[in-house]
Amino acid sequence: MKKTAMLITLLFCSLSLSAQGGPQFKDVPLTGIEGTPAYADGNKYQKDALLFVDMLAATHPYYIRAERRFVLESRLPDLLEACADCGSDAEFAALLREAMKEVRDRHTDVIDEASYSAQKSGAKSAKAESAAAAEDARSPLTRGGELFSYRIFAPESICYLQFNQCNDARSLRDESLPRFDKLLDKMFAEMEQEEIETLIVDLQYNNGGSSRLCDELLDRLRPLSELRNLDSYLRFSPMLALYNPKVGEAMAAWEAAGHKDELYPIRQRAVRTEPHDCYGGKVVFIQGPKTYSSAGILVTLARDNAIGEVIGTESDYSPSHYGEVIPFRLPNTGLLGSVCTKYFERPDKARAEDKSLSPDTFVNLDDKQVAWDTILKMYAKKI
């Protein structure tokens, strides 16, 4: 077990270095499928469909269970039949996504060049829409142009924090950007001075980033050392071993110890934080359809540790989720993709299999002014 833990440390060091240099797409490994008649006689789409299903079944933590692999592999005959008449890379990518429809992590995907170009165009349009919305200041809930900002509503005894991205000068390595910890220092000092009774954290536009920023906020609401945190598990696989040969050795040691079809538990690091007082007022988190990744983790930890209320819409993320993404390339078509290798399980084990997180109170966020008026009725100080 000690030997395996040492290898895991080496693995993560290697993956971190690779990530700093950008994604290095490696071909899905040939694990014997290339010797089968189905592969030898197939067209390029059928060949890559066989490789993809084999890789996904052996790599993604969701498919660590034999019954889940069985469901995935049982779709292979229909998938190969559809690939026989496949007319484009985009159609092929859609077929692969349908084959793995149970995986709901947004990180595991295959993308063709045409779809990638469309996504880039969509991102530009979204950016333009965001800039236009920033000019509409009818409601505090309208998206601002900053990574994060706050406003104090003293008569209502509310502090409104719009947390749009889990990124700042440190995570993006850009000193021209603000630091989240400095904003929090200033915000909580003003809240104390104004004796603010309710903090509203708006995450409806936040699709993630660095969890470090979420920890900094949580630590001002309750000491991190007292929180029940996510449990992390790694899945060993031949695909992961391509990025670090030590994985193969660690995988052999893990299975030799009797852990066939078991995820490897990652030990939690000791939490070190600066001592400071925690906010004692009411805390409210707003989530919407675009709340995801680190922002979803923040809401999940708040829910499972009874830190405040959650309002807004049903989450589009799963409270227990998958991450630690590695890239891959399908060798016959050249399509690129990514696959998760780690599973993060929420603290509330009784609800670990939930596919979404429901708010305590549903609030329609489409009309920002109506939504803000609703929030004021719920949380403004009664005079």
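Both backbone and side-chain heavy atoms feed into the values below; hydrogens, waters and symmetry mates do not.
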Chemist: Less than 6.0 angstrom separating the ring centers of Y205 and F163, yes or no?
Modeler: no

Chemist: For T313, does its backbone N or O pair with a side-chain atom of Q287 as donor and acceptor, under 3.5 Å?
Modeler: yes

Chemist: In terms of side-chain geometry, is the basic nitrogen of R69 or D261 positioned less than 4.0 Å from the acidic oxygen of its partner?
Modeler: yes

Chemist: Salt-bridge test for E216 and R220: reply yes if a basic N is under 4.0 Å from a carboxylate O, no otherwise.
Modeler: no

Chemist: Name all residues meeting the ring pair (Phe, Tyr, Trp, His ring centres under 6.0 Å) criterion together with F92; count only those two or more places apart in sequence or in a different chain, and write none if there are none.
Modeler: Y45

Chemist: Could you grab the distance from atom CE of M239 to atom CE of M55, nearest 0.5 Å is fine?
Modeler: 6.5 Å

Chemist: Going by an N to O cut-off under 4.0 Å, is there a salt bridge joining R346 and D354?
Modeler: yes

Chemist: Could you tell me whether a side-chain N or O of K368 sits under 3.5 Å from a main-chain N or O of L141, the two making a donor and an acceptor?
Modeler: no

Chemist: For ring pair (Phe, Tyr, Trp, His ring centres under 6.0 Å), just list the numbers for F148 and F180, CA-CA rounded to whole Å, side-chain angles, deciding distance to a tenth of an Å, and then say yes or no.
Modeler: CA-CA 8 Å; F148 35 76; F180 190 58; 5.0 Å; yes

Chemist: Show your working on side chain to side chain contact (heavy atoms under 4.5 Å, CB included) between D168 and L172 and close with a plain yes or no.
Modeler: CA-CA 6 Å; D168 67 355; L172 297 177; over 6 Å; no

Chemist: When you compare the side chain of T198 with that of S157, does any pair of heavy atoms fall below 4.5 Å?
Modeler: no

Chemist: Assess K342 against Y322: is NZ or CZ under 6.0 Å from the centre of the six-membered ring, and within 45 degrees of the ring's axis?
Modeler: no

Chemist: For H259, which of W254, Y233, F236, Y264 qualifies under ring pair (Phe, Tyr, Trp, His ring centres under 6.0 Å)?
Modeler: W254

Chemist: In this structure, are over 12 heavy atoms from other groups packed under 6.0 Å from K186 atom NZ?
Modeler: no

Chemist: If the threshold is 4.0 Å, N to carboxylate O, is there a salt bridge linking R303 and D360?
Modeler: yes

Chemist: Between E197 and K382, is there a side-chain N and carboxylate O pair less than 4.0 Å apart?
Modeler: no

Chemist: If the threshold is 4.0 Å, N to carboxylate O, is there a salt bridge linking K381 and E194?
Modeler: no

Chemist: Tell me whether R228 is salt-bridged to D304, with the criterion being a basic N under 4.0 Å from an acidic carboxylate O.
Modeler: no

Chemist: Out of I196, D277, L199, which residue meets the side-chain contact (heavy atoms from CB on, under 4.5 Å) rule with F188?
Modeler: L199

Chemist: Using every non-hydrogen atom in the two residues, find where C214 and C166 come nearest and quote the distance to one decimal.
Modeler: SG-SG, 3.5 Å

